[in-house]
Amino acid sequence: MADEYNPKEIESKWQEEWEKSGIYHAEDDSKKEKYYALIEFPYPSGDGLHVGHPRPYIGLDIIARKRRMEGKNVLYPIGWDAFGLPTENYALKTGKDPRVVTKENTDTFRKQIQSLGISFDWARETNTTDPKYYKWTQWIFLKFLENGLAYKAKMPINWCPKDKIGLANEEVVDGKCERCGTEVVEKEKEQWMLAITKYADRLDKDLDEVDYPERVKIEQRNWIGRSEGVLIKFDDIEIFTTRPDTIRGATFLVVSGKEDKFTGKFVTNPATKEKIPVWEAEYVYSDYGTGAIMGVPADDERDRVFAEKYNLPIVIDYKKADFEEFGKKVVKYKLRDWVFSRQRYWGEPIPVIHCEKPARPDGRSGGCGVVPVPEKDLPVELPVVEKYEPGPDGESPLANISEWVRVKCPSCGGDAKRETDVMPNWAGSSWYFYRYCDDKNDKEFASKEKLKYWMGVDWYNGGMEHTVLHLLYSRFWNKFLYDLKLVPTSEPYKKRTSHGIILAEGGEKMSKSKGNVINPDKIVDQFGADTLRLYEMFMGPFEQAIAWSDEALAGPRRFLERVWRLKEKIADSNVEIPAILHQTVRKVSDDIEKLGFNTAISSMMILANNLEKQEKISQEEYKTLLKLLAPFAPHITEEIWAELGHKDSIHLESWPTYDEGKLVDDEIVMTVQVNGKLRATLKIEKGQSEEEIKSLALGLPEVKKWLDKEPKKVIVVPNKVISIVT
RNA sequence: GCCGGAGUGGCGGAAUGGUAGACGCGCACGACUCAAAAUCGUGUCUCGCAAGAGGUGGAGGUUCGAGUCCUCUCUCCGGCACCA
């Protein structure tokens, strides 16, 4: 038969057509209401796409497509978060220029993603490694510097000996490098820091304003670690406690190892006026609170263990104190400032110059010290190097390029050196969502007018693993830029959701080393992109991790074949639209908003099965099904739409609506329970009275059988249940 | 230890307190076919010939009615963790 469903043919055809007509391009000057849908832009690794990557893209594609059909001006962009270690390590191994590697990888990724028919606005594609992009990453860094939020400090940092790289606290998991799993060690090093702690209170409090999953809010709050307590002086030692009421039970103080000059001394408990000893212990941290605590063995488990071990007195049943009786209330956070330096190559150079004449401590002229690169000289481009190895002491590979490093001080003209540290790969992703709003701008990172129109992001979907990394960092940048009046909203994302990852068959994580990675190209080739899209949305709840199954792909493909075949049943009759169509419109519309893609698809399957059983179907029924399906399976629906004689794309049609009054069938099946047990079903007509229904139910032979006396009570739940109690 | 989330057929999973297992996969049988694939139809929680009984990790409870609400408990997953 000539008219077979052939995805290979129709999919590439429509993809080209859509790109040519630009129907997915966001309009900057539009009277329409805007809608900004965002996915976390991918890191283009050398392994190419695996089937897990597109799950969030497809999910938000359905949202974006539905919004367009609802008449919104939709921005659904994509770009590449391309700085980072894997590319650099690959360059190290092969000697290839990371720029070339990145170009190859993004080309592969782009081609693969484009084969899935996702309605990204490719005209706004951005890349964090493009100097035109990272010029603005550097520019924002200079704003941090200018406002005193970027500073250099010699401090113990988390050092990964394998990657030869300093890590932010957020990148250390169980004492190991988040990336490679190597045990991190402490290392003293001069580092650039960003003062995220200055925003700790607002990062915590403003979570109240946004629509994030509760879990994400809790994890962020956990990480920020706000606690209210009191600072109390025991002679020269100030302690922090959240339980000042227990002060009369304090029989000793404990200081961290760094404060050990007090160890062995005695101080006065301001509440009891007794002299109590000062001890030193590892369980007290130097960088939290004041680095000193009061030991209340009667009320605190650790203090009790400590007191028992060292035979310290334990006072019970002491009188409680008032909260601020002995000191003043303060708020402390667990959050630490962000280590922002990386001594590697493939990142944004930190745009500062170190003048050889140090700045004078009194701030008067004579020396410059750290000098920001003037804005006109941005971007500071990464020079081409021969060797990508970090130096023996963990110096950046850039430190070896003396012609790049040696510059004149922009301030005094004297000899100076460039900063050779680069930024962490979280830098470019902390602001990319602004760039999409105005990606061609070479005067600003994005114009205020365009930001005002497009921001904030209406719906942002991404991985749970970024809750305390990317999500917290980008909220911090946003708040900083908001304070400078450079961006219009105090929070970047109105709504955040998370997708579950796709696991390999058998439930293991997909990884190259395990050899269980599934390439979407294979699936597209064999089944078509529409089947892949449908399957990824149908396989299970969107927000839940789920194992891939090759076998199960057949279901969605059969469904599409069925929809395809329904063409032949179209009749030009003007039939009354049955209730099931209204129900399906409602179900699909509602489910999409709840990320219930699996149940939305299931209801469309039911509708298709239903239509197939009919002799003939009306144009109206079929077109409605196609429109509902269009966001899920954009190619096949477009093809059929065109075959039905339409000149314009189905994706420009308006989203179907339903009639509230026609949701219920004329005939309803109710269940009849006797003492809670199901005994019969009862067919009734729409609109029958409760009394009628009751007597019909009581008259059923299957019911009479169980009634040996007058029922005590009969409960009728409209359209559902008749419950008889004897 | 603390804070979240989840336990439902052979499998993925459905179910505003109202017929548990929708939808899909798989499997079985049947139709079509020389045959196979594809497609279509029927069946598919357990016990029972049937009437019926039991069944959503376990034990109680609330309710006319509980997978869903409450109490206790077990297991798994995620986050935080000598954070005062």
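Computed over heavy atoms, backbone and side chain alike; hydrogens, waters and symmetry mates excluded. Order of the sequence lines fixes the chain letters, A, B, ..., with proteins taken first and strands second; residue numbering starts at 1 for each chain.
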Trainee: Tell me whether the OP1 or OP2 atom of B/G13 has a side-chain N or O from A/Q544 closer than 4.0 Å.
Mentor: yes
Trainee: Looking at A/W706, I'd like to know if the NZ or CZ of A/K704 sits under 6.0 Å from its six-membered ring centre while staying within 45 degrees of the ring's axis.
Mentor: no
Trainee: If you look at every strand shown and take non-hydrogen atoms under 4.0 Å, does A/S603 touch a base, only sugar-phosphate, or nothing?
Mentor: nothing
Trainee: For A/D300, report the nucleic acid contact type (base, sugar-phosphate, nothing); a contact means any heavy atom under 4.0 Å.
Mentor: nothing
Trainee: B/C45 and B/C11: how far apart are their C1' atoms, nearest whole angstrom?
Mentor: 14 Å
Trainee: B/A14, B/U39, B/G18: which one has an atom nearest the side-chain heavy atoms of A/N598?
Mentor: B/A14
Trainee: Considering only the C1' atoms, how many Å lie between B/G60 and B/C74, rounded to the nearest integer?
Mentor: 15 Å
Trainee: Out of B/G24, B/A84, B/G18, which has the shortest distance to the side chain of A/F240?
Mentor: B/A84
Trainee: Does A/K514, at its NZ atom, have more than 12 non-hydrogen atoms belonging to other residues, nucleotides or ligands within less than 6.0 Å?
Mentor: yes
Trainee: Quote, to the nearest angstrom, the C1' distance that separates B/A20 from B/G7.
Mentor: 16 Å
Trainee: Do the side-chain N or O atoms of A/R226 get closer than 4.0 angstrom to the phosphate oxygens (OP1, OP2) of B/C83?
Mentor: no
Trainee: Would you please confirm or rule out a distance under 4.0 Å between OP1 or OP2 of B/C83 and any side-chain N or O of A/R302?
Mentor: yes
Trainee: What is the distance from CD of A/E301 to P of B/C82, rounded to the nearest Å?
Mentor: 15 Å
Trainee: Once you apply the 3.5 Å cut-off to both distances, tell me the Watson-Crick or G-U wobble partner of B/C64, or none.
Mentor: B/G18
Trainee: So what does A/K713 hit on the nucleic acid, given a heavy-atom distance under 4.0 Å: a base, only sugar-phosphate, or nothing?
Mentor: sugar-phosphate
Trainee: What's the closest nucleotide to the side chain of A/S602 if the choices are B/A22, B/G78, B/U16?
Mentor: B/A22
Trainee: Using a heavy-atom cut-off of 4.0 Å across all strands, would you classify A/V714 as base, sugar-phosphate, or nothing?
Mentor: nothing
Trainee: Quick one: A/L231 CG to B/A84 C1', roughly how many Å, whole number?
Mentor: 12 Å
Trainee: Tell me which nucleotide, if any, is Watson-Crick or G-U wobble paired with B/C40 when both distances must be under 3.5 Å.
Mentor: B/G30
Trainee: Please pick, from B/U19, B/G24, B/G79, the nucleotide with the shortest atom-to-atom distance to any side-chain atom of A/E219.
Mentor: B/G79
Trainee: Considering just the side-chain nitrogens and oxygens of A/R557, establish if one lies under 4.0 Å of OP1 or OP2 belonging to B/A38.
Mentor: no
Trainee: Please pick, from B/U19, B/A81, B/A14, the nucleotide with the shortest atom-to-atom distance to any side-chain atom of A/T599.
Mentor: B/A14
Trainee: Can you tell me if A/H466 and A/E40 form a side-chain donor-acceptor pair at under 3.5 Å?
Mentor: yes
Trainee: Does any donor-acceptor pair link the side chain of A/Q673 with the base of B/G18 at a separation under 3.5 Å?
Mentor: yes
Trainee: For residues A/W426 and A/E171, is any side-chain donor paired with an opposing acceptor at under 3.5 Å?
Mentor: yes
Trainee: From C-beta outward on A/K705, which listed nucleotide comes closest to its side chain: B/G52, B/C83, B/C23?
Mentor: B/G52
Trainee: Would you tell me whether A/D299 and A/Y318 have side-chain atoms, one donor and one acceptor, within less than 3.5 Å of each other?
Mentor: yes
Trainee: What distance, rounded to whole Å, do you find between the two C1' atoms, one in B/C76 and one in B/U8?
Mentor: 15 Å
Trainee: How is A/R679 classified with respect to the nucleic acid when contacts are heavy atoms under 4.0 Å: base, sugar-phosphate, or nothing?
Mentor: sugar-phosphate
Trainee: With sequence neighbours excluded, give me every ring pair (Phe, Tyr, Trp, His ring centres under 6.0 Å) pair touching residues 585-604 of chain A.
Mentor: A/F542-A/F597
Trainee: Heavy atoms under 4.0 Å, any strand shown: does A/T242 hit a base, just sugar-phosphate, or nothing?
Mentor: sugar-phosphate
Trainee: For the base of B/U19, is there a side-chain donor-acceptor partner from A/K677 under 3.5 Å away?
Mentor: no
Trainee: Nearest whole angstrom, please: distance from the P of B/C2 to the CZ of A/R215.
Mentor: 20 Å
Trainee: Across the strands shown, which category fits A/I218 at heavy-atom distances under 4.0 angstrom: base, sugar-phosphate, nothing?
Mentor: sugar-phosphate
Trainee: Under 4.0 Å: is that the gap between some side-chain N or O of A/R221 and OP1 or OP2 of B/G4?
Mentor: no
Trainee: Report the distance from atom OH of A/Y535 to atom P of B/C25, rounded to the nearest whole Å.
Mentor: 12 Å
Trainee: Roughly, in whole Å, what's the span from CD in A/E568 to P in B/U39?
Mentor: 15 Å
Trainee: Select one nucleotide: of B/C25, B/C80, B/C23, the one nearest the side-chain heavy atoms of A/N222.
Mentor: B/C80
Trainee: Could you tell me how far apart A/I546 (CD1) and B/C77 (P) are, to the nearest whole angstrom?
Mentor: 18 Å
Trainee: Quick check, are the ring centers of A/Y310 and A/F252 under 6.0 angstrom apart?
Mentor: no
Trainee: Could you check whether any side-chain N or O of A/K569 sits under 3.5 Å from a backbone N or O of A/Q614, counting only pairs where one atom can act as donor and the other as acceptor?
Mentor: yes
Trainee: Answer with base, sugar-phosphate or nothing: what part of the nucleic acid does A/D303 contact at a heavy-atom distance below 4.0 Å?
Mentor: nothing
Trainee: Hey, is B/G9 sitting syn or anti, using the within-90° cutoff around 0?
Mentor: syn
Trainee: OP1 or OP2 of B/C83 sitting under 4.0 Å from any side-chain N/O of A/Y285?
Mentor: no
Trainee: When you compare B/U68 with B/A59, how far apart are their P atoms, in angstrom units rounded to a whole number?
Mentor: 13 Å
Trainee: In the strands shown, is B/C2 matched to any nucleotide by a Watson-Crick or G-U wobble pair with both distances under 3.5 Å, and which?
Mentor: B/G79
Trainee: Please work out if A/V725 contacts a base, only the sugar-phosphate, or nothing of the nucleic acid, heavy-atom cut-off 4.0 Å.
Mentor: sugar-phosphate
Trainee: Return the nearest nucleotide to the side chain of A/P541; candidates are B/C83, B/U39, B/A14.
Mentor: B/A14
Trainee: With nearest nucleotide decided by heavy atoms, which residue, A/A552 or A/W223, maps closer to the 5′ end of RNA chain B?
Mentor: A/A552
Trainee: Indicate, with yes or no, if the rings of A/F538 and A/F632 have centres closer together than 6.0 Å.
Mentor: no
Trainee: Tell me what A/E282 touches on the nucleic acid: a base, only sugar-phosphate, or nothing, going by heavy atoms under 4.0 Å.
Mentor: nothing
Trainee: Do any N or O atoms of the protein come closer than 3.5 Å to N or O atoms of nucleotides 44-47 of chain B, and which pairs are they?
Mentor:
none

Trainee: Does A/N609 put a side-chain nitrogen or oxygen below 4.0 Å from OP1 or OP2 of B/G24?
Mentor: yes
Trainee: Mind calculating the distance between CD (A/E536) and P (B/G13) to the nearest angstrom?
Mentor: 15 Å
Trainee: Would you indicate which nucleotide in B/U39, B/C23, B/C40 comes nearest to any side-chain atom of A/F538?
Mentor: B/C23
Trainee: Scan A/V669 against the nucleic acid and name what it touches under 4.0 Å (heavy atoms): base, sugar-phosphate only, or nothing.
Mentor: base
Trainee: Under 3.5 Å for both donor-acceptor distances, Watson-Crick or wobble: does B/C47 have a partner, and if so which one?
Mentor: B/G52
Trainee: Out of A/F326, A/F240, A/F323, which residue meets the side-chain contact (heavy atoms from CB on, under 4.5 Å) rule with A/V230?
Mentor: A/F323
Trainee: For A/D591 and A/T599, which I'm curious about, is there any donor-acceptor pair between the side chains at under 3.5 Å?
Mentor: yes
Trainee: Pairing check on B/C23: which nucleotide meets the Watson-Crick or G-U wobble criteria with it, both distances under 3.5 Å?
Mentor: B/G12
Trainee: Are any of the side-chain heavy atoms of A/R496 and A/V210 separated by less than 4.5 Å?
Mentor: no
Trainee: Given B/G18, B/A14, B/C23, identify the nucleotide with an atom nearest to the side chain of A/V721.
Mentor: B/G18
Trainee: What is the separation between atom CG on A/N675 and atom P on B/C64, rounded to the nearest whole Å?
Mentor: 11 Å
